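Let me begin by presenting the structure, written as structure tokens, before commenting on it.
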Amino acid sequence: MSIRVRYFASLRERLGRAGDEIAPDPAVRTVADVWTRVGRGHPLPDNTLVAINMEYASFAHEVREGDEVAFFPPVTGG
Amino acid sequence: MPVEIREAAFDPWSELARHERALAREGAYGATACFVGTMRDFNEDAEVSAMTLEHYPGMTEKHLEAIVAEAVASWAVLDALIIHRVGALRPGEPIVLVAAWSAHRADAFAACRHLIEELKTRAPFWKKEQLADRARWVEHNAP
């Protein structure tokens with residue numbers, strides 16, 4: 001099972017795509033590793049937030065196969 | 001205690017009236033507190049002609065429901081309601097309605113405040129404004 005990655009709002013526009021998939025890889029252990037893999041050299045904006053399976057998480061949080069990892073800017077609803 | 005994401009325009013005052021009529025325990029609540037957020041035509045030194053609201057389907061509902069559950073756990077809330085737009089909006093259109101019903105006003109006010117403050121901090125919505133010459137993403141909430 002791969003890791004599904006999703007991007008929202010200005011980050012999606014900056015990357016030019018709404019998501020990626022990462023094949024299982026023991027080198028991808030944390031959210032930070034996921035970004036290294038999908039970021040393709042794009043710097044991560046300082047205030048980027050992360051969710052794993054729709055719960056907020058840190059960049060140090062471990063990821064597992066089948067997880068959905070989302071990167072997005074600070075939220076501005078309401 | 002419904003939490004709803006709406007693609008189409010809604011009238012918050014009709015929604016409040018409709019919800020009150022349907023409340024299961026008429027006569028139990030003495031206090032209703034609500035907040036309505038409306039799209040403005042001006043933000044941070046620029047005129048705004050339109051807005052697009054994006055969200056993270058699934059995560060949005062999950063976190064709004066959690067916020068309602070927190071309000072119920074913290075105060076004597078008899079009922080609560082959250083309705084939030086997504087999609088295209090024009091100035092003057094409601095963006096969000098939150099409301100709380102309780103026996104007395106202290107709990108209703110406190111719960112209502114919690115609903116909107118936590119929504120603005122945690123619920124995964126993002127606003128994109130259309131200005132005269134370009135579009136820009138709102139980067140932070142107003143106080």
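Source: prediction; values computed, not measured. Chain A is the first sequence line, chain B the second, and so forth, proteins listed ahead of strands; every chain is numbered from 1.
With hydrophobic clusters built from ILVMFWY side chains whose heavy atoms lie under 4.5 angstrom apart, A:Leu49 does not share a cluster with A:Val63. Hydrophobic clustering of Ile, Leu, Val, Met, Phe, Trp and Tyr side chains at less than 4.5 Å, counting indirect connections, unites B:Val77 with B:Val3. In the hydrophobic cluster analysis, where Ile, Leu, Val, Met, Phe, Trp and Tyr join through side-chain heavy atoms closer than 4.5 angstrom, B:Met39 is grouped together with B:Leu131. When the side chains of ILVMFWY residues are joined at heavy-atom separations under 4.5 Å, either directly or via intervening members, B:Ile82 and B:Phe35 end up in a single hydrophobic cluster. Following chains of ILVMFWY side-chain contacts shorter than 4.5 Å, one cannot reach A:Phe8 starting from A:Phe71, and the two form parts of different hydrophobic clusters.
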Can you list the donor-acceptor atom pairs spanning chain A and chain B that come in under 3.5 angstrom?
residue	atom	partner	partner atom	Å
A:Ala9	N	B:Glu54	OE2	3.0
A:Arg12	NH1	B:Glu54	OE1	3.0
A:Arg12	NH1	B:Glu54	OE2	2.5
A:Arg12	NH2	B:Glu54	OE1	3.3
A:Glu13	OE1	B:Trp137	NE1	2.9
A:Glu13	OE2	B:Lys128	NZ	2.5
A:Asn53	O	B:Lys62	NZ	3.4
A:Met54	O	B:His63	NE2	2.8
A:Glu55	OE2	B:Lys62	NZ	3.1
A:Tyr56	OH	B:Arg122	O	2.5
A:Glu68	OE2	B:Tyr56	OH	2.4
A:Pro73	O	B:Trp126	NE1	2.9
A:Thr76	N	B:Phe125	O	2.8
A:Thr76	OG1	B:Lys127	N	3.0
A:Gly77	O	B:Lys120	NZ	3.1
A:Gly78	N	B:His84	NE2	2.9
A:Gly78	O	B:Lys127	NZ	2.7

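Across B:Val96, B:Leu119, B:Val138, B:Ile95, the residue that shares the most heavy-atom pairs under 4.5 angstrom with chain A is B:Val138.
Around the CZ atom of A:Phe59, the shell of radius 6.0 Å holds more than 12 heavy atoms that belong to other residues, nucleotides or ligands.
Among residues 35-44 of chain A, no residue has any heavy atom closer than 4.5 Å to a heavy atom of chain B.
The part of A:Ala51 that comes within reach of chain B is its side chain, from C-beta onward, which places non-hydrogen atoms under 4.5 angstrom from that chain.
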